[in-house]
Amino acid sequence: MAGLVALGAVGAGPAQAAFPGENGRVAFTAFDGPRKDIFTIAPDGSDLRNLTNDPNTDADAAYSSDGSRIAFYSVRTGRSEIYTAAVNGTGLTQLTNVAGGNVEPAFSPDGSRVVFTSFRDGNSEIFVMNADGSGQTRLTNEPTVDSEPVFSPDGSKIAFQSFRANPDPPAPEIYIMDADGDNQTRLTNNPEGNGDPDFSPDGSRIVFTSVRDGNDPDGGVVVGGEVDRRTPEIYSVNADGSDPTRLTDDTRVDSEPVFSPDGSKIAFRSNNR
């Protein structure tokens, strides 16, 4: 099992670590009342830095593979759009400008493309674009929600979560597809809900969140409009969907896991640490 690292003050959107092969700074979303900002922190929890400082929400931070830029979404124009900035917060660039909302960006391994979720066509679908915002292309086309996309380490695949198999009551499953949207294949098969996928650095495993064996919590999580008394836990699975392995066992929410760049650790969101 990979070592587990819990990060304080993590808000909406997964933590993301930089620099392939090294466990560099971690970018995450923190709440300040109703607003959210992007922060970075050293892997040991020290040296907290505020990357964005806008009265509107900034969230869903994701590093480029060389660690030089961060992609995120912001509502600073009044709607959710994808932006990039240098890791010191300078050089802010808006990549999308389409009504409906655009969120959850993730860079391709070579930094040339960004995959993201968009609501521009009236439904949550996966899109990809060049890193300068050009060539925006829809990859999924389902009446249910497709979201949380992430590239495989070699750039040939995209993992994502989709509700297409369990629309009522709604619960996501993990899917994988070619980087051009072809060969969309279901990896998990559990109607309790599986989401938040992230590839290991060698591409052999996918870490994700699942409610399938969750513990009875102090509160509950909303699934299908009702409170589910079990809490999400962190799992991993082979990239072909085999060998699901539970990594956390806790009475509160563990979610949004990501591998460290050297594959030795997993950062995740928890309200129990």
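This structure is a prediction, so every number in the text was calculated from the model and none was measured.
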Is a side-chain donor-acceptor pair under 3.5 Å present for N190 with T188?
-> no
Atom pair CZ (F72) and CG (L92), whose distance is rounded to the nearest 0.5 Å | 5.0 Å
For S134, all residues meeting side-chain hydrogen bond (donor to acceptor under 3.5 Å, both in side chains), sequence neighbours excluded | N130, D132
So, for G24 and P43, which heavy atoms are closest and what is the spacing to 0.1 Å?
-> O-CG, 3.1 Å
Would you say the side-chain atoms of Q184 pair up with the backbone N or O of L139, donor to acceptor, closer than 3.5 Å?
-> yes
When rounded to the nearest 0.5 Å, the distance separating CG of N183 from OG1 of T185 is 6.0 Å
Which pairs with one or both residues in residues 38-47 pass salt bridge (charged side-chain N to carboxylate O under 4.0 Å, His left out), sequence neighbours excluded?
-> R25-D47, D47-R49
Got a donor-acceptor contact below 3.5 angstrom from the R164 side chain to the N166 backbone?
-> no
Smallest heavy-atom separation, T96 atom then E81 atom, equals OG1-OE1, 2.5 Å
In short, ring pair (Phe, Tyr, Trp, His ring centres under 6.0 Å) pairs touching residues 121-150 with sequence neighbours left out are F116-F127
For P244, check side-chain contact (heavy atoms from CB on, under 4.5 Å) against everything at least two apart and list the hits.
-> R212, V237
Where at least one partner belongs to residues 165-175, residue pairs that pass salt bridge (charged side-chain N to carboxylate O under 4.0 Å, His left out), sequence neighbours excluded | E173-R186
V150, Y235: one ILVMFWY side-chain cluster at the under-4.5 Å cut-off?
-> yes
Lys NZ or Arg CZ of R205 over F259 ring: under 6.0 Å, within 45° | no
Between I176 and A239, what is the shortest heavy-atom contact and its length?
-> CD1-O, 4.3 Å
Please list all pairs passing the ring pair (Phe, Tyr, Trp, His ring centres under 6.0 Å) test where one or both residues lie in residues 36-61, with sequence neighbours left out.
-> none
Return the set of residues passing side-chain hydrogen bond (donor to acceptor under 3.5 Å, both in side chains) with S156 (not counting sequence neighbours), or none when no residue passes.
-> D154
Here the pair of heavy atoms bringing G155 nearest to A179 is O-CB, 3.4 Å
Hey, are K157 and D178 close enough for a salt bridge, meaning a charged N less than 4.0 Å from a carboxylate O?
-> yes
Keeping to residues at least two apart or across chains, list the salt bridge (charged side-chain N to carboxylate O under 4.0 Å, His left out) pairs with something in residues 94-110.
-> none
Please name all residues satisfying side-chain contact (heavy atoms from CB on, under 4.5 Å) with T209, sequence neighbours left out, ordered by chain then number.
-> D196, P232, I234, S255, P257
How far does OG1 of T40 sit from CG of L48, to the nearest 0.5 angstrom?
-> 7.5 Å
With sequence neighbours left out, the residues meeting side-chain hydrogen bond (donor to acceptor under 3.5 Å, both in side chains) with D180 are none
When hydrophobic residues are tied together by side-chain contacts of less than 4.5 Å, even through go-betweens, does M129 share a cluster with F119?
-> yes
Between S162 and T144, which heavy-atom pair has the shortest distance, and what is it?
-> OG-OG1, 4.3 Å
Taking the side chain as every heavy atom from C-beta outward, state whether S80 and V75 have any pair of such atoms under 4.5 Å apart.
-> yes
Residues D58 and R76 bridged, charged N to O under 4.0 Å | yes
Rounded to the nearest 0.5 Å, how far does OG of S147 lie from CD1 of I126?
-> 6.0 Å
Qualifying residues under side-chain hydrogen bond (donor to acceptor under 3.5 Å, both in side chains), relative to E125, sequence neighbours excluded | N123, R138, T140
Quick one: CD on E233 to OG on S270, what's the gap to the nearest 0.5 Å?
-> 9.0 Å
Decide yes or no on side chain to side chain donor-acceptor pair (under 3.5 Å) for S64 and D66, but give the supporting numbers first.
-> CA-CA 6 Å; S64 61; D66 64 0; 2.7 Å; yes
Given the rule that I, L, V, M, F, W and Y join up when any side-chain heavy atoms are under 4.5 Å apart, are V128 and V114 in one cluster?
-> no
Taking every heavy atom of S108 against every heavy atom of S65, the minimum-distance pair comes out as O-OG, 4.3 Å
Heavy-atom donor-acceptor pair, T245 side chain to D243 backbone, under 3.5 Å | yes
Close side-chain approach of N53 to D37, heavy-atom, < 4.5 Å = yes
Heavy-atom check, side chain of T84 versus side chain of L95, under 4.5 Å | yes
Hey, which of I38, I70, T77 is the one that makes side-chain contact (heavy atoms from CB on, under 4.5 Å) with Y83?
-> T77
Taken to the nearest 0.5 Å, the spacing of R120 CZ from N97 CG works out to 10.0 Å
Return each pair, listed once, that meets ring pair (Phe, Tyr, Trp, His ring centres under 6.0 Å) where at least one residue sits in residues 158-206; pairs must be two or more places apart or across chains.
-> F160-Y175
